[in-house]
Each structure stands twice: as structure tokens, then as C-alpha cells.
Amino acid sequence: MPTFAFDDDAVTVIIGSGAGGGTLAHELTRRGIKVVLLEAGKREAPETFSQSPNEAFGMLTWLDPRSQSGDWSVARDFPTLPVWHCKTVGGSTVHWTAASLRLHEWELKPATTFGRMAGSSYVDWPIPYKELLDYYRLAEKRMYVTRRNGIPGLPASNNFKVFYQGAKKLGYRKVHTNYMAINSRPQDERSICLQQGFCVQGCKVAAKWSTLYTEIPRAEATGKLDLRVGAQATRIEHGKDGRVTAVLYRDAEGREQRQKARLVCVAGNGIETPRLLLLSDSARFPDGLANASGNVGRHYTRHTMGFVWGVFDHPVHMYRGAVLAGLVEDETVHDARRGFAGGYHLELCALDLPSFPQVGMPYGWGRDFARTIESYANMAGMLIVGEDVPRADNRITLDPVRRDRWGLPIPHLHVDEHDNNLAMRHHAQERGNMLYEAAGAKQVLFGPPPPATHNMGSCRMSADRRDGVCNSHGQTHDIPNLFISDGSQFTSSGSANPTLTIVALALRQAEYIAKQMTARAI
Amino acid sequence: MEQPSPLPWLIDRRRFLQNVTGVITGVLVAGSPLALLAPSRSWAIELGSLSSDEGTTLMAMLRSLAPHDHLEDAAYAMVVKGIDRKAGQDQALRTMLKDGLSQLNADGPFAGQDEDRRVALLRRIEATPFFQSVRVDNLMMLYDTPQAAALCGYEGEVFSKGGYLYRGFNDLKWLPDPPLADAGPLDL
Ligand SMILES: Cc1cc2nc3c(=O)[nH]c(=O)nc-3n(C[C@H](O)[C@H](O)[C@H](O)COP(=O)(O)OP(=O)(O)OC[C@H]3O[C@@H](n4cnc5c(N)ncnc54)[C@H](O)[C@@H]3O)c2cc1C
Ligand code: SF4
């Protein structure tokens with residue numbers, strides 16, 4: 001492992017080792033570019049993953065405090081944990097359940113497709129769909145996504161059998177075991193899925209794609225990666241010309257370090273990325289880096305979510321098997337007759353027992369609640385994942401009062417749900433209800449959205465520099481050697497789980513960076 | 001394969017309490033999943049923040065929040081122990097718990113009331129941070145006990161046994177199997 005010098009100003013510093021940062025690190029290093037990868041969390045491995053859900057949560061999750069406001073139900077149900085993502089090498093690809101969906105062409109043009117919508121801040125993506133499609137194909141190969149490139153689908157679990165029966169009875173046509181970055185056969189020197197159902201705790205057999213054991217070791221093998229674990233970036237510095245020059249961070253011992261850089265790429269997930277730009281304010285950039293347009297932290301989206309649980313007379317054991325291996329695609333259309341804009345997916349979902357009462361029905365207590373939990377073994381589950389309308393005031397700011405352990409302002413989230421989200425959730429819950437009733441459910445229950453697992457839009461890309469933070473390559477409009485490399489750069493949420501798109505954009509960004517470096521433009 | 005302890009707060013004997021402030025005792029029911037692990041059927045939980053009375057009140061509160069008639073006291077007692085441990089490290093929580101529990105006992109011992117009365121008392125304080133804190137801790141700890149897992153039919157981790165691939169992930173027989181085109185082959 002090379003250790004690049006702190007004053008080596010030829011290195012690229014990437015902040016965060018998850019879907020975006022981990023992929024980018026591999027792509028740059030295999031092109032011979034020197035990378036220092038800063039990761040705030042520790043390094044685990046399949047051998048060290050815990051099989052106790054509560055313990056795994058404590059080991060992997062980003063638990064630094066966040067404050068929040070707004071009328072979304074998460075503020076009521078999860079006041080101290082509005083967001084759910086990882087702090088560990090591999091980022092949230094250690095936690096993720098591996099559903100790998102593409103955005104549709106019309107979802108990249110929401111302003112055009114939906115027309116004027118009061119209380120929204122839509123603009124169209126500045127990227128041609130055809131081009132994104134090429135990178136989707138590359139990403140799907142890289143991640144070994146099922147039902148693509150001739151890779152077989154995952155087999156049907158019990159939970160899927162119930163889902164499928166109901167969906168077909170309702171007349172849905174595109175229903176299958178989802179596009180999953182989980183091995184349905186041994187490949188990439190990784191095991192097949194053992195249907196253990198502990199995807200969220202970290203896959204013990206590495207059947208699920210995670211940068212922790214795919215992209216990062218491959219980047220290390222190039223000899224060009226310097227991964228610094230337990231290293232939390234606290235500030236990005238710039239020079240007189242306004243270009244970024246170095247990253248300040250706290251190392252694993254809490255000491256402040258300064259790493260010089262030719263280029264800085266921020267991939268800290270949708271909350272920490274805008275926070276870091278805001279924390280890096282200076283005399284020249286009083287509102288934070290790359291924030292001349294005032295868009296850093298704004299237009300924050302999460303997907304319109306919610307759970308539907310069906311209770312049956314017979315056992316289902318939903319916790320057995322790959323968690324998200326089931327999908328209905330038919331509602332992913334824009335059809336104004338439904339009373340809302342945009343589309344949604346119904347995805348198979350299960351929660352383990354300690355998590356189910358906390359996340360699946362977080363409001364409950366008393367006799368009815370206890371009875372519901374007792375039917376856990378006879379329960380089937382699904383998750384709604386739909387378009388979330390961006391709003392300028394749904395945003396990440398710095399908390400004016402509260403500080404973290406380094407004395408830095410903690411991030412504050414404000415979210416007011418657009419009526420479109422409420423109408424969509426209602427529609428999706430009704431469909432979920434009908435689906436389980438068609439499969440013979442004796443009771444159907446709704447669970448509110450969980451803490452935000454998909455964080456997007458908070459440093460969005462835009463054709464016009466006044467509308468967003470970066471261009472279609474994630475390069476910030478204001479600072480040519482500062483890049484956004486995670487879901488923060490999404491212009492809108494669409495209805496696809498974000499990770500495949502994050503990886504596709506990272507592949508595209510790496511190509512662009514390499515070319516720009518060769519041309520000495522950056 | 002090393003098995004993580006499912007119940008760190010019960011089995012962890014490394015941390016001895018400096019001061020024992022209270023004790024709750026009981027007997028494991030026949031067939032309790034803990035009976036296999038425990039050397040004897042009677043159990044005792046030592047408290048380091050709450051008094052015996054407070055512990056008993058808290059236990060009654062937990063049972064009213066999540067009334068499972070077939071769940072033995074020992075499961076709720078583990079949650080009492082878990083909350084007591086948290087309170088040992090958090091002065092504000094300790095004060096909140098003590099105040100909240102004493103209020104529940106204001107009109108006579110809460111634990112001695114019938115369920116309707118206990119529920120009515122809890123409804124009144126549903127919006128308080130005390131209630132919410134206990135409710136959420138109960139969700140987190142109660143359903144992580146082996147007794148709750150057994151009651152709800154949750155088998156937990158089977159990685160050590162090769163996953164559910166050959167242990168019933170697709171054993172549902174009361175509905176037809178989806179066609180192969182929409183699912184995928186089993187890799188044998
Ligand atoms: C339970 C769960 C299930 C999910 N399931 C799916 C799914 O099925 N499909 C899907 O598409 N998506 C899923 N997601 C979302 C998916 O995990 C994320 O979209 C994806 O990992 C985001 O990639 P990222 O690179 O933006 O951030 P992450 O993968 O979260 O990585 C960010 C990393 O940056 C580090 N970091 C942050 N700030 C700093 C700093 N200042 N200095 C140093 N390091 C820092 C963090 O510690 C973290 O490791 C799921 C998420 C969760 C939590
Ligand atoms: S279900 Fe499959 S992917 Fe998920 S943890 Fe188990 S083996 Fe890994």
C-alpha cells in the first residue's frame with residue numbers, strides 16, 4: 001500500500017467509500033490516477049459482520065447526531081434518526097438490499113413531463129438518456145445484476161410467492177424477482193445467495209455486491225489507492241484562484257490532518273456531502289463552496305416510501321430469503337389520471353423481528369399491536385418506492401446551535417411533504433392492500449416511511465448553473481476541480497432505488513476526470 | 001463460527017454493578033428458551049439505577065405496552081435490566097425514569113392495577129418523552145429476546161447452518177409456485 005505524502009498535491013482525494021466513492025476510487029486508480037480515499041468509518045469484513053440485528057446496526061450505522069424539522073412523518077416516528085446510512089468502509093453498500101433499478105427516460109425530464117407543479121422545484125436532468133443507458137449497462141455488468149446480461153433471476157422466496165399471486169390476480173404484468181446485485185450463480189469470485197435474509201446486517205458470504213469487497217480491494221491491487229480509515233473530512237480548502245487545494249480531516253486518533261489535492265470528489269451520501277460544502281465557507285465563498293447559486297443543500301429528496309404488511313392464515317416466514325427480491329413495475333408510469341405525477345415501484349420487503357416493530361410499525365403499543373406482532377410468522381411485506389417531489393425548502397442546513405464532537409455544526413434536515421407524495425402513497429397503499437387481499441390476506445396494515453435510506457438531490461446537476469450545483473459530470477459549476485460523486489448530484493429522485501444510477505454516474509465521471517486530467521484542464 | 005451473544009445485557013457478567021439499587025426475581029417457565037442456557041430456573045436481575053419498586057413498576061408498564069400473554073416475565077425483566085443499564089450512564093434519563101415511574105404510582109401501585117386501568121393511565125402520558133423513551137426501548141430490546149423470537153416464530157440467524165436456502169426459504173405450499181421466467185432457477 002503506498003502512502004501518499006500529505007503535501008503531495010498530485011493526488012485526487014475522494015471523501016466517502018460507498019457506492020459513489022468506492023466505485024470512483026476503483027475507476028480512477030485502474031487508470032493510474034493516485035487516490036487518497038478518506039472514510040470516516042472502520043473497516044469490517046464478511047467475517048466480522050454481526051448476525052444480531054441490533055448489534056450490526058450499532059456497528060455499521062452513521063450515528064452522529066442530526067436535527068430535523070418539517071411535517072414529514074419521519075420527524076414524528078424517528079426524531080433522533082431521520083436518516084439511515086452507514087459509516088464504514090463500503091458505506092451503505094454494506095447495508096443495502098441490492099435492488100438495482102434504472103430510471104426511465106421520462107423520469108430524467110420531470111419538468112417537461114409533469115409540467116408546472118405548484119410547490120415543486122423540478123428541472124430536467126442535463127444528461128441524455130441514451131448516454132446514461134450505456135453506463136447503466138456497464139454498471140449492471142460490474143455489479144452482476146440479475147435479469148440483465150443473461151444473468152438468471154433469483155429464485156422465488158415464500159414472501160415473493162404471496163406477492164406474485166396477489167400481483168397477478170390484480171392484473172399486473174411486469175412482476176418478477178427484481179433486478180438484484182446479488183449472485184444468482186457463483187460469479188465475480190463470490191458465492192451465490194444463501195437466502196439468509198441478513199442483507200442489511202452485511203452479507204456474510206459476499207453474494208451481495210458491496211464496494212467493501214469488490215471495488216475497494218481492486219483499487220488497492222493497483223497500488224494507487226491510499227485508503228485512510230477512521231478519517232473524517234471536516235473542511236475543503238481553496239487557493240487564491242478559487243480552486244480547491246486540500247482537505248482537512250480528523251484521523252482515527254482524532255488528530256487534525258491536511259491532505260493536499262489536485263482534485264476533490266465528495267461522496268459522503270446526500271446529507272454529509274452538502275454539509276461539508278457548507279462547512280467549508282471562506283471569505284471568498286461566504287455561503288460555502290460551490291454555492292454561488294444558493295442550491296447547496298436544497299431540493300433534497302428521499303423517495304415516497306411506506307410499508308404494506310399482509311397477515312395470512314398460513315405461515316410465510318418473510319424473513320427467510322433475499323430481502324428485496326420482488327418487484328412490480330406496472331405503476332412506474334406517469335399517468336395524471338391517477339391523481340398525481342410520477343411513478344412508483346412496489347418492492348418485496350421483509351424486516352427481521354427486532355427491526356419489524358421498530359421500523360415497520362413504529363407507532364404501536366397495546367393489545368392490537370401485540371396481536372399484530374404475534375402474527376409475524378404469517379406476514380408478507382412490501383415497500384413502496386416512488387417519485388419524491390423536490391422543493392427548494394426541503395433542505396440540509398447547518399444547525400445554528402448543536403455541535404458534533406469536533407465542534408462542528410451538525411446537519412439539520414427540513415422536509416415538508418408535497419401533496420403529490422401523499423396522493424401517491426395513498427394510491428400505492430391501496431394497491432398494496434388490494435394485492436394482499438387478492439392473495440387471501442385476512443388483515444392488511446400500513447407502516448409509515450422508515451428513516452431516509454435514499455438521499456438525493458442536495459447538490460443537484462443542472463444545465464443552467466443558476467438551477468443547481470454541478471454539471472452532468474458532477475463537476476461543480478463554480479469550482480472546476482471539485483466534484484460531487486454520490487446521490488446528491490441527482491436532479492430528481494425518479495422512482496428507482498438510487499444505487500445503480502450512482503454507480504453508473506461514477507463510471508461516467510471517472511472517464512471524464514481522466515480525460516480532463518490528460519488535457520490538463522483540471 | 002462464533003455466535004454473538006443474543007443478549008449482551010443479560011449474559012454480560014464482565015461488568016459488575018458498583019451499587020445494587022434493586023432486585024427483581026422470578027422463575028423461568030417450563031420450555032423457556034433460556035432454560036437451556038441458565039443453570040437454574042429461578043432468575044434474579046440486579047438493578048444499578050432503579051429501586052426494586054421502580055423496577056416492578058417499569059416491568060408492569062412494559063407488559064402493558066406490549067401485552068403478550070404467552071411471554072414470560074423473564075423477557076420483560078431483561079428489558080428492565082437494559083433500561084436500567086442505560087440509565088446508569090445517563091443522568092437525565094435516570095431522572096426522567098424515576099419521575100415518570102413515580103407518577104404512574106401516584107394513585108396506588110401501578111403494577112397492582114388491572115389492565116384497563118393501566119392502559120388508561122398510560123394513555124394520559126402517551127405524548128411524554130418518558131413514555132416514548134420506554135416504548136421505543138421496549139420495542140428494541142423485547143423483540144430481541146429469544147422468548148419473543150420463539151413466540152413470534154422468528155428463527156433469526158442461520159448463516160452458521162448454511163442460510164435458508166435449504167431451510168425453507170421457498171417451502172410455502174399454500175400458493176402455486178411462480179413460473180420460472182418471473183423468478184429464477186435454484187442453483188443446486
Ligand atoms: C437499509 C438500506 C437498504 C438499502 N437498499 C437499497 C437498495 O436495495 N437499492 C438501492 O439502490 N439502494 C439501497 N440503499 C441505498 C444505498 O445504500 C445508497 O443509495 C448508496 O449506498 C449511497 O451511496 P453513496 O456513495 O452516496 O453513500 P454511502 O454508500 O452511504 O457512502 C458514504 C460514505 O461516506 C462516508 N462519509 C460521509 N461523510 C464523510 C466525511 N466527512 N469524511 C469521510 N467519510 C465520510 C460515510 O461514512 C460512508 O461510508 C439502501 C440503504 C439502506 C440504509
Ligand atoms: S439473502 Fe443472500 S444476499 Fe442477502 S445476506 Fe443472505 S446470502 Fe447475502
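Here is the naming used below: chain letters follow the sequence lines, and residue numbers restart at 1 for every chain.
Between A:R173 and B:D182 there is no salt bridge, since no side-chain nitrogen of the basic residue lies less than 4.0 Å from a carboxylate oxygen of the acidic one. Remark: B:E157 does not engage A:K204 in a salt bridge, criterion side-chain N to carboxylate O under 4.0 Å. Between A:R320 and B:D171 a salt bridge is recorded (basic side-chain N to carboxylate O distance below 4.0 Å).
Residue contact with chain B, scored on non-hydrogen atoms closer than 4.5 Å, is absent for A:P79. Using a 4.5 Å cut-off between heavy atoms, A:F312 contacts chain B through its side chain alone, with no backbone atom that close. Looking at A:F57, there are no atoms closer than 4.5 Å to chain B (heavy atoms on both sides), in backbone or side chain. Both the backbone and the side chain of A:H314 come within contact range of chain B, with heavy atoms under 4.5 Å apart.
Among the residues in residues 61-68 of chain B, those with a non-hydrogen atom closer than 4.5 angstrom to a non-hydrogen atom of chain A are B:S64, B:L65, B:A66, B:P67, B:H68. Proximity to chain A among residues 118-139 of chain B is limited to B:V119, B:L122, B:R123, B:E126, B:F131, B:R135, B:L139, judged by heavy-atom separations below 4.5 angstrom.
If you take CG on A:N159 and CG on B:N170, they are separated by 12.5 Å, rounding to the nearest 0.5 Å. To the nearest 0.5 angstrom, B:F169 atom CZ is 8.5 Å from A:L154 atom CG.
The side-chain heavy atoms of A:S355 and B:Y143, taken from C-beta on, include no pair separated by under 4.5 Å.
By number of non-hydrogen pairs under 4.5 angstrom with chain A, the leading residue of B:G156, B:G168, B:A149 is B:G168. For the set B:G153, B:G163, B:C152, the count of heavy-atom pairs under 4.5 angstrom toward chain A peaks at B:C152. Among A:L353, A:L194, A:T177, A:D313, the residue making the largest number of heavy-atom pairs under 4.5 Å with chain B is A:L353. Among A:P357, A:A322, A:A325, A:C193, the residue with the largest count of heavy-atom pairs under 4.5 Å with chain B is A:P357. Ranked by heavy-atom pairs under 4.5 Å with chain B, the first of A:Q358, A:K174, A:R371, A:H176 is A:Q358. Among the candidates A:G366, A:S375, A:G364, the residue making the largest number of heavy-atom pairs closer than 4.5 Å to chain B is A:G366. Ranked by non-hydrogen atom pairs under 4.5 Å with chain B, the options A:P362, A:G321, A:G197 are led by A:P362. Between chain B and the residues A:G153, A:A439, A:P152, the most heavy-atom pairs under 4.5 angstrom are made by A:G153.
In this structure, B:Y164 has its ring center closer than 6.0 angstrom to the ring center of A:Y319.
Shown here for B:W174 and A:P315, the closest heavy-atom pair between the two residues is NE1-O, 3.0 Å. Contact between B:L175 and A:V162 at its shortest, heavy atoms only, is CD1-CA, 3.6 Å. For B:P178 against A:Y164, the heavy-atom pair with the smallest separation is CB-CD2, 3.6 Å. B:L172 and A:V316 get closest at one heavy-atom pair: CD1-CA, 4.2 Å.
Residues satisfying the ring-ring contact (aromatic ring centres under 6.0 Å, His included) criterion with A:F198, sequence neighbours excluded, are absent altogether.
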Throw together a table of side-chain donor-acceptor distances under 3.5 angstrom for residues 100-109 of chain B, partners on residues two or more places apart or in other chains.
unit_1	atom_1	unit_2	atom_2	d
B:S102	OG	B:D99	O	3.4
B:N105	OD1	B:F110	N	2.8
B:N105	ND2	B:T57	OG1	3.0

